Amino acid sequence: MKYLANPTETKAVLDYFGFDTKKKFGQNFLIDENIVRKIVAGAGVMKDDGVLEIGPGIGTMTQILCESARSVTAVEIDKTLMPVLETTLSAFDNVHVINDDILKCNIKELSEEFNSGEPFKVVANLPYYITTPIIMGLLEGPAGEGLVDSITVMIQKEVADRINAKPATKDYGALTLAVEYYSRIVKVADVSAHCFMPRPNVDSTVIKLELYKDKAVKVKDEKFLFKLIKAAFAQRRKTMVNSVSAVTDISKDDIRKALTEIGKDENVRGETLSLEEFAKLSDIFSLRTVL
């Protein structure tokens, strides 16, 4: 079987089908087999695993996933790629290609129909324009329902840096804390723009999110925690006292007292607080109402 993960085979497939990549779907196909295999290995895909692949494209990574996993359910939004995938994946009987938008898919139904109701390992080369909605959609929905075991994704390096940032750095923010709340973040590899066809304007990074059975921190009110985090980063250069009081009904005096209670100065900024510290503040304020 000819693998697609090289420039010659990718170009041959695109030319044969007369396929033009669509910017609206963020289509950039991997042409480096070493990178594809590194992603699959980093995802920890084994012979008894059911994989959910988001955006299989022409089937470049799907081929290797099919060789590695028990079954692969591939969700592709572009209907014009269906005949391409039917051809490039014809050698495999353990793949199910679904023409749908992953943000609208019922993953529970996919799991029951194609994965015996077991949790998926999600693997994807995500379009840059929709990376955060897909990741957060998986974490806030299917992951919490026990439908996802892990999420291994190739994303824009800038977004990966934000997700994997540390407190008091420029990349640290609400996205960092949200992903950290649900998962342990593991960096798998950096990927040069030269590894894609067509070549994007930025480099990529592959990360694996190992989902917690319980969340990273325990809080009395999860919804309040994220309202507090959002408030803290709404104007990140402001102090916690000013940023939180500006968008909630919590008084500055109460915020100062709470910060003192967790051992922080009243001039501290949200960008310096850890998830654990936000959780402590959230519990102190959780009986109050955020406007």
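We number each residue from 1, following the sequence as shown. What you are looking at is a predicted structure, and each value in this text was computed from that prediction instead of being measured.
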Met61 pairs by side chain to side chain contact (heavy atoms under 4.5 Å, CB included) with which of Val36, Val51, Val72? Val36
Fellow cluster residues of Tyr128, listed by chain then number, with links counted only when side-chain atoms sit under 4.5 Å apart: Val202
In terms of heavy-atom contacts, Pro167 and Thr272 come closest through CB-O, 3.8 Å
Residues Arg37 and Glu33 bridged, charged N to O under 4.0 Å: yes
Salt bridge (charged side-chain N to carboxylate O under 4.0 Å, His left out) contacts touching residues 106-128 (sequence neighbours left out): Asp49-Lys121, Lys108-Glu112
May I have the step-by-step check of ring-ring contact (aromatic ring centres under 6.0 Å, His included) for Tyr212 and Tyr181, ending in yes or no? CA-CA 9 Å; Tyr212 297 129; Tyr181 179 72; 8.9 Å; no
Within the supplied structure, the quantity of interest is the number of heavy atoms (other residues, nucleotides, ligands) at a distance under 6.0 Å from Lys47 NZ; does it exceed 12? yes
Closest non-hydrogen atoms of Leu85 and Ile58, given as atom of the first, atom of the second and distance, are CD2-C, 3.5 Å
Give a yes or no on this: more than 12 heavy atoms of other residues, nucleotides or ligands lie within 6.0 Å of atom CG of Asp48. yes
Side chain proximity check, Leu228 to Leu281, heavy atoms < 4.5 angstrom: yes
Within 45 degrees of the ring normal and closer than 6.0 Å to the centroid, is that where the cationic atom of Arg269 sits relative to Phe233? no
Asp171 and Asn164, any side-chain heavy atoms less than 4.5 Å apart: no
I'd like to know if Lys157 pairs up with Asp190 as an ion pair, taking the criterion as any Lys NZ or Arg NE/NH1/NH2 lying under 4.0 Å from an Asp or Glu carboxylate oxygen. no
Are the side chains of Lys11 and Ile31 in touch, meaning some heavy atoms are under 4.5 Å apart? no
Quick check: are there more than 12 heavy atoms from other residues, nucleotides or ligands sitting under 6.0 Å from CG of Asp15? yes
If you define the side chain from C-beta out and look only at heavy atoms, does anything of Leu209 sit under 4.5 Å from Leu138? no
Taking everything shown except Lys2 itself, do over 12 heavy atoms lie less than 6.0 Å from its NZ? no
Do NZ/NE/NH1/NH2 and the carboxylate oxygens of Arg237 and Glu271 come within less than 4.0 Å? yes
Is the shortest heavy-atom distance from the side chain of Glu76 to the side chain of Ile98 under 4.5 Å? no
Nearest heavy-atom neighbours spanning Pro56 and Ala74: CG-CB, 3.7 Å
